[in-house]
2 protein chains.
Amino acid sequence: MAILAALSNPHRLRIIAALTSGGRNYVSQLSRELGISRPLLHLHLQKLAEAGLVTSQLELSHDGKALNFFEVTDFGFELTPSLIAEAAKSLTTNPDK
Amino acid sequence: MAILAALSNPHRLRIIAALTSGGRNYVSQLSRELGISRPLLHLHLQKLAEAGLVTSQLELSHDGKALNFFEVTDFGFELTPSLIAEAAKSLTTNPDK
DNA sequence: TTCATGTGTAAACAATAACTTACAGGTGTA
DNA sequence: TACACCTGTAAGTTATTGTTTACACATGAA
């Protein structure tokens with residue numbers, strides 16, 4: 001559910017695409033490549049991370065800057081009516097929001 | 001993309017679940033079973049139909065009422081980083097919204 | 001005719017999500 | 001010190017969704 005919500009946004013799809021094709025990257029660099037503001041990218045990365053679609057690890061560059069690298073987890077989900085029906089059961093009992 | 005957006009809503013997941021488990025159903029009846037108002041259900045069904053996840057066909061009941069039956073299409077999608085990366089290409093060239 | 005059923009949709013409002021701007025802090029180099 | 005990078009986040013605004021209420025119309029039965 002959180003995964004579907006995370007993927008229902010053009011920016012976030014492009015973020016995953018960029019990280020998939022170009023490999024891991026840090027926030028500021030990625031924001032330049034995608035042409036979206038850093039705070040906005042930060043927010044989207046946050047949602048993707050909450051959904052477990054990306055992970056981050058803070059690293060120190062050679063010149064001492066702290067860079068937060070993101071990369072996609074190699075997830076795999078299948079979307080079929082029956083699987084959705086199964087997943088939807090957790091909605092009635094567990095009011096997600 | 002429209003598919004992902006359509007699935008990123010609790011109501012719509014429950015609609016698919018209900019139609020998958022209980023088979024085809026018409027709007028008013030479904031709204032009673034799910035406990036959501038008919039206009040609201042109508043709107044959600046509309047979005048699901050636009051995404052191609054459900055189809056509808058108008059039928060006449062024995063007593064002459066026009067009933068609009070909905071059923072799920074047996075779709076199947078796989079969600080992986082590379083498939084998303086591929087799908088995201090159509091976003092840059094084709095501004096969906 | 002009136003009532004109960006079914007259909008659809010427009011309009012107004014409420015709740016979320018998206019986005020920008022602005023701030024606060026860190027390091028290394030000139 | 002001042003600048004150029006990097007990080008994060010809070011606040012305010014705009015845009016998008018979701019939701020309700022109310023309308024309009026059609027059919028069969030009482």
Side-chain angles (χ1 to χ4, degrees), chain A residues 1-16 19 24-51 53-71 88 91-92 95-97, chain B residues 1-16 18-19 24-51 53-71 88 91 95-97:
Chain A
M1 178 65 220
I3 294 160
L4 291 168
L7 291 175
S8 65
N9 177 290
H11 279 336
R12 292 196 286 268
L13 290 185
R14 291 181 57 224
I15 290 169
I16 289 182
L19 291 177
R24 61 203 298 275
N25 204 348
Y26 65 95
V27 187
S28 292
Q29 177 61 24
L30 188 57
S31 85
R32 282 187 291 264
E33 290 178 6
L34 293 177
I36 67 183
S37 74
R38 193 179 53 78
L40 181 56
L41 174 62
H42 183 268
L43 183 137
H44 286 311
L45 283 171
Q46 204 168 269
K47 295 203 173 186
L48 288 170
E50 282 170 7
L53 301 178
V54 301
T55 55
S56 67
Q57 51 193 56
L58 204 64
E59 293 182 12
L60 290 135
S61 67
H62 50 291
D63 61 337
K65 308 280 174 59
L67 308 182
N68 200 9
F69 278 87
F70 279 82
E71 62 187 324
L91 292 179
T92 52
D96 52 89
K97 176 167 293 192
Chain B
M1 177 67 218
I3 294 161
L4 291 168
L7 291 175
S8 65
N9 177 289
H11 280 334
R12 292 196 285 268
L13 290 184
R14 291 181 59 224
I15 291 169
I16 289 182
L19 292 177
R24 60 203 298 274
N25 204 348
Y26 64 96
V27 187
S28 292
Q29 177 60 24
L30 188 58
S31 84
R32 283 187 291 264
E33 290 179 6
L34 292 177
I36 68 183
S37 75
R38 193 180 52 79
L40 182 55
L41 175 62
H42 182 269
L43 183 137
H44 285 311
L45 283 171
Q46 203 167 270
K47 295 202 173 185
L48 287 170
E50 284 171 6
L53 301 178
V54 301
T55 55
S56 67
Q57 51 193 54
L58 206 62
E59 292 182 11
L60 291 133
S61 66
H62 52 291
D63 61 337
K65 308 280 173 58
L67 308 182
N68 200 8
F69 279 87
F70 280 82
E71 62 186 326
L91 291 179
D96 53 89
K97 175 168 294 191

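The sequence lines fix the lettering, A, B, ..., with proteins before strands; numbering per chain opens at 1.
Of the side-chain N and O atoms in A:His44, one or more sit less than 4.0 angstrom from OP1 or OP2 of C:dC19. OP1 or OP2 of D:dG18 has at least one side-chain nitrogen or oxygen of B:Lys47 nearer than 4.0 Å. OP1 or OP2 of D:dT7 has not a single side-chain nitrogen or oxygen of A:Tyr26 nearer than 4.0 Å. Applying the 4.0 Å criterion to OP1 and OP2 of C:dC19, one finds that A:His42 has every side-chain N and O outside that range. Contact between the side-chain N/O atoms of B:Asn68 and the OP1/OP2 oxygens of C:dG6 is not found at any separation under 4.0 Å.
Residue B:Lys65 places its side chain closer to C:dG6 than to any other of C:dG6, C:dA18, D:dT7.
If you take CG of B:Leu40 and C1' of C:dA14, they are 13 Å apart, rounded to a whole angstrom. What separates CG of B:Asp63 from C1' of C:dC3 is a distance of 14 Å, to the nearest Å. Here C:dT7 presents its C1' atom at 15 Å from CG of B:Leu30, a figure rounded to the nearest Å. Per the geometry, CG belonging to B:Leu34 stands 13 Å off P belonging to D:dT19, to the nearest Å.
Taking for each of A:Arg32 and B:Arg12 the nucleotide of DNA chain D with the nearest heavy atom, the 5'-most of the two is the partner of A:Arg32.
In this structure, A:Gln46 reaches the sugar-phosphate backbone alone: every heavy-atom distance under 4.0 Å involves primed, P, OP1 or OP2 atoms, never a base. Residue B:Leu67 is in sugar-phosphate contact alone, with no base atom involved, counting any heavy-atom pair closer than 4.0 Å across all strands shown. Across all strands, A:Ile36 comes closer than 4.0 Å to no nucleic acid atom at all (heavy-atom distances).
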